[in-house]
Amino acid sequence: MSGRVALVTGGSRGIGRAIAERLAADGLRVALNYRSRRDAAEAAVESITEAGGEAMAVAGDVGDGYAVAAMFASVEESLGPVAVLVNNAGITADDLLLRMKHEDWDAVIQTNLSSAYHTTKAALRGMLRARWGRIISITSVAGITGNPGQANYAAAKAGLIGFTKSVAKEVGSRGITVNAVAPGFIETELTDALGEGVRDALLPAISLGRFGTPAEIASAVGYLASDDAAYITGQVLVVDGGLAF
Ligand code: NDP
C-alpha cells in the first residue's frame with residue numbers, strides 16, 4: 001500500500017478519523033476532509049504525523065459538487081491522484097416522517113448520498129488511468145433494516161448500497177473495487193447524542209452486548225482497501241456486533 005494516496009471524507013472526527021489513522025498506519029498518504037471543524041481536522045493530522053504517517057487536511061462540503069472539485073484539485077496537487085476513496089462523511093437529522101422538514105430530508109440526502117456521486121466521479125478519473133482503485137462507502141445497518149425516525153438517513157444509506165453495487169459493475173474490469181461497510185452502533189459524537197437511557201435500551205439487541213469502536217470499523221475499511229481484498233467487490237460488510245442478522 002506504501003505511497004498510495006487515500007482521501008477520507010469526514011476524516012476529522014469519529015469513524016473517519018480512525019479510518020484515516022488506520023490507512024496512514026498501513027503506509028498510505030492520507031487526505032482527510034472536513035466541513036467546518038478545522039481544529040478537529042488539524043488534531044487528526046497531528047496525531048497521524050506524530051505516529052510517523054503523512055496526512056493533510058482539506059476543507060469542503062461533500063454535498064456540493066464545486067467544493068468537491070476544488071478539494072480533489074488541492075489533494076491531487078499536494079499528494080497525487082487518489083487511489084483509495086472512503087466516502088465516510090455523514091449527518092443525521094432525525095424525525096418521524098410526518099414531522100420531517102423538507103430541508104432535513106434534502107440535507108441528509110445531499111451529505112450522505114449525493115456526496116458519493118460527486119466524490120466517486122472525481123476519483124474515478126485517476127483510478128481508471130492507474131487501472132487500480134478502491135472505493136469504500138460507509139453506509140449503515142439503518143440502510144438495510146430501516147429505522148423509525150430515520151427515513152431520510154435510511155433512504156440515503158440504502159441508496160449508497162445500490163450506488164456501490166452499480167458502480168462496482170461499471171468499473172470492475174479496470175481493477176477498481178467498490179464496496180460498502182455498514183456499521184451498527186459505534187461510539188462517536190453521532191451516537192453520544194442518543195443519551196444514556198436510549199443507549200442502555202439498545203444494548204440487549206446487540207449480540208456482543210456493547211457499542212463498537214471507530215477502530216473496529218477502520219479495520220474493515222483497511223482490509224477492503226488492501227491488496228488482500230482484490231477479489232471482493234459490490235459487497236456490503238456489516239460490522240455491527242451482531243445487531244442485524
Ligand atoms: P461524526 O458526527 O462523529 O463525524 C462526522 C464527520 O463528517 C466529521 O468529520 C464532519 O466534519 C464530517 N462532515 C459532516 N458533514 C460534512 C459535509 N457536508 N462535508 C464534509 N464533511 C462533513 O460521525 P461518525 O463518525 O459517527 O459517522 C461517520 C459515518 O459513519 C457517517 O456516514 C455515519 O452515517 C456512519 N455511521 C455511523 C454510525 C455510528 O454509530 N456512529 C453507525 C452507522 C453509520 P466537521 O466536524 O467539520 O463537520
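Counting starts at 1 for both ligands and their atoms, in listed order. Just so you know, residue 1 is the first one in the sequence shown, and it goes up from there.
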At a 4.0 Å threshold, what atoms of ligand 1 neighbour a non-hydrogen atom of [X]?
| X | answer |
| --- | --- |
| Ile91 | 14 (C), 15 (N) |
| Asp61 | 17 (C), 18 (N), 19 (N) |
| Arg37 | 45 (P), 46 (O), 47 (O) |
| Asn33 | 20 (C), 21 (N) |
| Gly60 | 19 (N), 20 (C) |

Judged on heavy-atom distance to [atom], which of [options] sits nearest?
| atom | options | answer |
| --- | --- | --- |
| atom 42 (C) of ligand 1 | Gly11, Ser140, Gly184 | Gly184 |
| atom 48 (O) of ligand 1 | Ser36, Gly212, Ala156 | Ser36 |
| atom 44 (C) of ligand 1 | Val58, Leu32, Thr139 | Thr139 |

(request) For the pair Asp94 and Arg99, find out whether any cationic side-chain nitrogen is under 4.0 Å from an anionic carboxylate oxygen. (result)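 Salt bridge: no.
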(message) Any carboxylate oxygen within less than 4.0 angstrom of a Lys/Arg side-chain nitrogen, looking at Glu42 and Arg37?
(response) no
(message) I need the nearest protein heavy-atom contact for atom 30 (O) of ligand 1: residue, atom name and distance, please.
(response) Ile138 CG2, 3.4 Å
(message) For ligand 1 and Ile186, I'd like to know whether there is a polar contact (N/O to N/O, distance under 3.5 Å).
(response) yes
(request) Find out whether Val236 and Thr164 are in side-chain contact, i.e. whether some heavy atom of one side chain is under 4.5 Å from a heavy atom of the other. (result) no
(request) Answer yes or no on whether Arg199 is positioned over the face of Phe185, meaning its NZ or CZ is under 6.0 Å from the six-membered ring centre and within 45° of the axis. (result)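 Not flagged: Arg199 not positioned over aromatic ring of Phe185.
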